There are 2 protein chains.
Amino acid sequence: MTELDNEMHRESGSKSSSGRKHRLSAHEVLFYEGDRADRIYEVLDGVMMLYKLLPDGRRQVVYVLRAGDMLGFTNHDTFDCTAEALTAVELQVYETREVATSPLLQHYVNRCLLSQMEHLHEHTVLLGRKSAMERVATFLMSLVPDRGGANCAGPANRDAPDMRSVVLSMTRQEIADYLGLTIETVSRVISQLKRKGLIKVEKQDSIHIQNVCGICQLTGMH
Amino acid sequence: MTELDNEMHRESGSKSSSGRKHRLSAHEVLFYEGDRADRIYEVLDGVMMLYKLLPDGRRQVVYVLRAGDMLGFTNHDTFDCTAEALTAVELQVYETREVATSPLLQHYVNRCLLSQMEHLHEHTVLLGRKSAMERVATFLMSLVPDRGGANCAGPANRDAPDMRSVVLSMTRQEIADYLGLTIETVSRVISQLKRKGLIKVEKQDSIHIQNVCGICQLTGMH
DNA sequence: CGGATGCTTGAGAATCATCAAACTCCGTGG
DNA sequence: CCACGGAGTTTGATGATTCTCAAGCATCCG
């Protein structure tokens, strides 16, 4: 069941979406920058990224999409970014005209747009003003639900250690291209955090944060 | 007449907007990050910026708004950025409920959102991957209409010099905070461009580009 | 078990930031 | 109209951070 279905039930009980689904395996491209845009998509499961390339090959990942996020909307008739799966992904497909005729769908798309805009503003601050350490710390905190934001829940209780395992779902290169750094810098910062005892690298793709508050203090937002 | 009025006439000929206007003088703040959000605004004349601050005072300008741009939409009930006038500004004010009940207004807001999103993607590439020179060149090109984009008009004709005067409407500090640089770096890059004979600084606020194509070549997009 | 991909570490270089000082522009008031 | 003052800008010297290049290492998967 899609997030939109959930919302439909909550808000009006109207019928479910048409049900066209699409699957991608890891690192498969959904669409390329410049492709004709005729559908929008909702991520049901898995992780995707939007990125842009400069002619000399430099890449910037502009957005990371998770379950509930939508992608594919555009002002023009072509996509302004390339969309690629980071993991295996399941998508809900919506036709453009389907969106135009459903006020409910339109409303949900709008909410997604506003939420993406807000996140892009935050990421702009990260890219424009934060140090490498602050960028990586912010990235790690973004993977811990209910922590680090405006309404941070704080440590669970004062005695229990403030730990949490997070799955990156991205290679070092993808993280670097997301944070505006090089792969070496990302690696060095992670090693620093290891040496400080703030994290443990469980697998390349999975990090155990030993002290969530400690990482949060490094984000530049406190 | 607002851009929205224009669109209304083009698309449906419906009645003009309610007509509540608001004026700001240069460097006046329209709203602060965290303020309760109950209206949205359209810039009719002048230039504004949205910015965010880190607790230690670092500032990042996340968007520059010009005539036709809208601001003030949010997912929550508070603004995620501060909005400040860069020049004297005239605004059209819309109540939130006004937007909710007007499909036409909603449609226009949506177009603005999508256009802002696209621009934020471009700016993300600038902040994440471009050199200081490329950032300043990109900034200058953004002030030259019909040039540098996907459908660049090219030099007017092959014999005439490819020149153009642009008004910055921003101090060096504001430009630096927009481009993720320091004021000194912005100044040094401008001096380099002067020495190369690509630009002349007419007033602090006004630059004569001697060779638009030459600047465009420095944006990293060619 | 072995190969390949991805990750880490080191040394050196480049870019940009910082600190400090001098200069220019611009509006004000004499 | 010109002198003055202050804000904003430019320039220089130095330093920190991050990038680049290169090599070695770990991890993952067949």
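These numbers come from a predicted model, not from an experiment. All chains are named by letter (A, B, ...) in the order of the sequence lines, taking the proteins before the strands, and each is independently numbered beginning at 1.
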Expressed as a whole number of angstroms, how long is the span from [X]:[atom1] to [N]:[atom2]?
| X | N | atom1 | atom2 | answer |
| --- | --- | --- | --- | --- |
| A/I207 | D/dT27 | CD1 | C1' | 15 Å |
| B/D205 | D/dA7 | CG | P | 18 Å |
| B/E174 | D/dA7 | CD | P | 16 Å |
| A/K194 | C/dT9 | NZ | C1' | 11 Å |
| B/R172 | D/dT10 | CZ | C1' | 9 Å |
| B/Q173 | C/dT18 | CD | P | 11 Å |
| A/I175 | C/dC7 | CD1 | C1' | 11 Å |
| B/L86 | D/dG8 | CG | P | 13 Å |

Between [options], which one does the side chain of [X] approach most closely?
| X | options | value |
| --- | --- | --- |
| A/T185 | D/dT18, D/dT10, C/dA17 | D/dT18 |
| A/I183 | D/dT9, D/dT20, C/dC7 | C/dC7 |
| B/T182 | C/dC16, C/dT18, D/dT10 | C/dT18 |

Starting at CG of B/L54, measure out to CG of A/L126 and round the result to the nearest 0.5 Å. 9.5 Å
Using heavy atoms to find the nearest nucleotide of DNA chain D for B/S187 and A/K130 separately, return the residue whose nucleotide is more 5′. B/S187
By nearest-heavy-atom nucleotide on DNA chain D, the more 5' of A/R135 and A/K203 is A/R135
Would you say the side chain of [X] and the base of [N] hold a donor-acceptor pair, judged only by whether the two atoms sit under 3.5 Å apart?
| X | N | value |
| --- | --- | --- |
| A/R188 | D/dT20 | yes |
| A/E184 | C/dC7 | no |
| A/Q204 | D/dC28 | no |

If you find the nucleotide of DNA chain C closest to B/A132 and the one closest to A/M170, which residue's nucleotide is nearer the 5' end? A/M170
Heavy atoms under 4.0 Å, any strand shown: does B/I190 hit a base, just sugar-phosphate, or nothing? nothing
Scan B/E84, B/E33, B/Q60 and name whichever one has a side chain to side chain donor-acceptor pair (under 3.5 Å) with B/Y51. B/E84
Classify the ring geometry between B/F139 and B/Y178 as parallel (under 30°), tilted (30 to 60°) or perpendicular (over 60°). perpendicular
Quick one: sort the A/H119 and A/Y63 rings into parallel, tilted or perpendicular, breaks at 30° and 60°. perpendicular
Between B/T96 (side chain) and B/D38 (backbone), is there a donor-acceptor pair under 3.5 Å? yes
